[in-house]
Amino acid sequence: KAVVSTQSTGTVMQVLGRAVILFAVLDGETELQATTTCFILMVVWSAIEVVRYPFYIVQLYGWYFPKLTWTRYNAWIPLYPTGIICEALLAFWCIGLVSTSGRLSVSLPNSLNFAFDFTLYLKLHLVMTAIGGVSLISYMASQRSRAMKKLAKLSSYAEVQKREIDLIKIRQKKESKKAK
C-alpha cells in the first residue's frame, strides 16, 4: 500500500517548483532572503508539512484521529494560496534581479552550443505557478469535500456507537438494581 495515494506528476511538479524557488531564486539572491515574503513562504511550507506528515503516518497505521483529518483538509485553505502568492512574488522580483546580473543564464557562443535564459525561464515558471496553483487548489478542494463527507460519516458512526454503549450501561444499571 502506498503512503500517499496521489498522482505522482503533481507531486513531482510541486517538489520541482519548491526546489526552483529555494535553490535558484532564493539561494542566489540575498535581497530576497531578507524579505517578509520569504519568511512567510518558509512558515507556510513548514506549516503544510507539520500537518501533512503526521496525517500520513496516522493513515499508514489505519488510526482514526478526526481532528487531524479535519486539520489536514482545512489547513491548506489559507496556506496553499498564501504559498502560491509568495512563490510568485519571489519569482517575479527575481526576474528583475537576474535580468541585470545574468545569473544562471548561458549565452552563445560557448563550447556546448547551448543557450539558456533564466529570466525567460522564470517568466514561464510564473505562468506554470498560476496554472499549477489553480489545479492544485481545485484538486485539494475535491479531496477536502470527499474527506469531510467521510469524516461526517465516521463521526456519526462513532456517535451511534457511543449511544449504544450508553444504552448498554443504562440497561446494566437497571438490571443491577432489579437484582438487588
Side-chain angles (χ1 to χ4, degrees), residues 1-23 25-27 33 35-91 125-180:
K1 178 181 171 182
V3 174
V4 180
S5 59
T6 184
Q7 296 177 349
S8 58
T9 307
T11 303
V12 168
M13 295 300 288
Q14 193 174 7
V15 169
L16 289 177
R18 283 187 179 186
V20 166
I21 295 298
L22 189 61
F23 298 115
V25 172
L26 292 174
D27 190 43
Q33 293 172 15
T35 63
T36 304
T37 304
C38 180
F39 174 77
I40 292 169
L41 181 62
M42 296 302 127
V43 169
V44 165
W45 280 355
S46 299
I48 289 168
E49 303 310 328
V50 163
V51 172
R52 182 184 311 183
Y53 290 111
F55 174 78
Y56 288 158
I57 291 168
V58 165
Q59 292 297 105
L60 188 64
Y61 286 104
W63 297 334
Y64 176 63
F65 283 91
K67 288 180 182 175
L68 183 59
T69 301
W70 186 91
T71 304
R72 165 72 175 114
Y73 288 105
N74 285 286
W76 70 268
I77 295 171
L79 295 175
Y80 277 35
T82 303
I84 291 166
I85 290 167
C86 288
E87 287 179 26
L89 281 171
L90 290 167
H125 184 83
L126 274 175
V127 170
M128 293 307 296
T129 298
I131 293 169
V134 169
S135 174
L136 178 64
I137 287 172
S138 64
Y139 172 75
M140 286 301 294
S142 69
Q143 290 292 96
R144 179 188 182 278
S145 178
R146 192 174 333 151
M148 292 298 103
K149 286 176 186 172
K150 184 178 178 182
L151 189 60
K153 217 180 268 187
L154 289 172
S155 294
S156 64
Y157 177 71
E159 186 63 33
V160 167
Q161 282 184 323
K162 183 178 182 256
R163 286 181 186 165
E164 286 177 355
I165 291 169
D166 289 343
L167 286 173
I168 290 170
K169 287 179 182 177
I170 290 169
R171 284 185 200 136
Q172 288 173 344
K173 284 181 183 179
K174 285 181 181 179
E175 288 174 5
S176 67
K177 285 182 181 179
K178 285 182 183 178
K180 290 182 183 179

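Values below: all heavy atoms of this structure, side chains included; hydrogens, waters and symmetry mates excluded. Start at 1 with the first residue, then count along the sequence.
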Derivation of the side-chain contact (heavy atoms from CB on, under 4.5 Å) call for Asp27 and Leu22: CA-CA 6 Å; Asp27 190 43; Leu22 189 61; over 6 Å; no

Separation between [atom1] of [X] and [atom2] of [Y], rounded to the nearest 0.5 Å:
{"X": "Gln172", "Y": "Leu167", "atom1": "CD", "atom2": "CG", "result": "11.0 Å"}
{"X": "Ile84", "Y": "Leu89", "atom1": "CD1", "atom2": "CG", "result": "12.0 Å"}
{"X": "Ile137", "Y": "Met140", "atom1": "CD1", "atom2": "CE", "result": "10.0 Å"}
{"X": "Ser138", "Y": "Gln143", "atom1": "OG", "atom2": "CD", "result": "10.5 Å"}
{"X": "Thr69", "Y": "Gln59", "atom1": "OG1", "atom2": "CD", "result": "5.5 Å"}
{"X": "Ser176", "Y": "Arg171", "atom1": "OG", "atom2": "CZ", "result": "14.0 Å"}

Using a 4.5 Å cut-off on heavy atoms from C-beta on, say whether the side chain of [Y] contacts that of [X].
{"X": "Thr37", "Y": "Leu41", "result": "no"}
{"X": "His125", "Y": "Ile21", "result": "yes"}
{"X": "Trp70", "Y": "Met148", "result": "yes"}

Can you tell me which residue pairs pass the salt bridge (charged side-chain N to carboxylate O under 4.0 Å, His left out) test with a partner in residues 58-75, sequence neighbours excluded?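 Of all non-adjacent pairs touching residues 58-75, none passes salt bridge (charged side-chain N to carboxylate O under 4.0 Å, His left out).
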
Residue pairs, two or more places apart or on separate chains, that pass salt bridge (charged side-chain N to carboxylate O under 4.0 Å, His left out) and touch residues 126-149: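 As it turns out, there is no salt bridge (charged side-chain N to carboxylate O under 4.0 Å, His left out) pair with a partner in residues 126-149 once direct neighbours are skipped.
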
Look only at the side chain of Ser145 and the backbone of Ala141, and say whether a donor-acceptor pair between them is shorter than 3.5 Å.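 Side chain of Ser145 to backbone of Ala141, a donor-acceptor pair under 3.5 Å: no, none is there.
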
Residues 44-55, side-chain donor-acceptor partners within the protein, below 3.5 Å, at least two apart:
residue: Trp45; atom: NE1; partner: Glu87; partner atom: OE2; Å: 3.1
residue: Ser46; atom: OG; partner: Met42; partner atom: O; Å: 2.9
residue: Glu49; atom: OE1; partner: Tyr53; partner atom: OH; Å: 3.4
residue: Glu49; atom: OE2; partner: Arg18; partner atom: NH1; Å: 2.8
residue: Glu49; atom: OE2; partner: Arg18; partner atom: NH2; Å: 3.3
residue: Arg52; atom: NH2; partner: Tyr80; partner atom: OH; Å: 3.0

Tyr61: what forms a ring pair (Phe, Tyr, Trp, His ring centres under 6.0 Å) with it, not counting sequence neighbours?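 Partners of Tyr61 by the ring pair (Phe, Tyr, Trp, His ring centres under 6.0 Å) criterion, ordered by chain and then number, come out as Trp63.
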
What residues, two or more places apart in sequence or in another chain, satisfy side chain to side chain contact (heavy atoms under 4.5 Å, CB included) together with Tyr64?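 Checked Tyr64 against side chain to side chain contact (heavy atoms under 4.5 Å, CB included); matches are Pro66, Leu151, Leu154, Ser155.
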
Side chain to side chain contact (heavy atoms under 4.5 Å, CB included) with Val43: which residues, sequence neighbours excluded?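 Per chain and number, Val43 pairs via side chain to side chain contact (heavy atoms under 4.5 Å, CB included) with Phe39.
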
What are the two closest non-hydrogen atoms of Leu79 and Ala75, and how far apart are they?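 Of all heavy-atom pairs spanning Leu79 and Ala75, the closest is CG-O, 3.2 Å.
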
Leu126 versus Ala91, closest heavy-atom pair with distance: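 Looking at all heavy atoms of both residues, the shortest contact is CD2-CB, 4.0 Å.
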
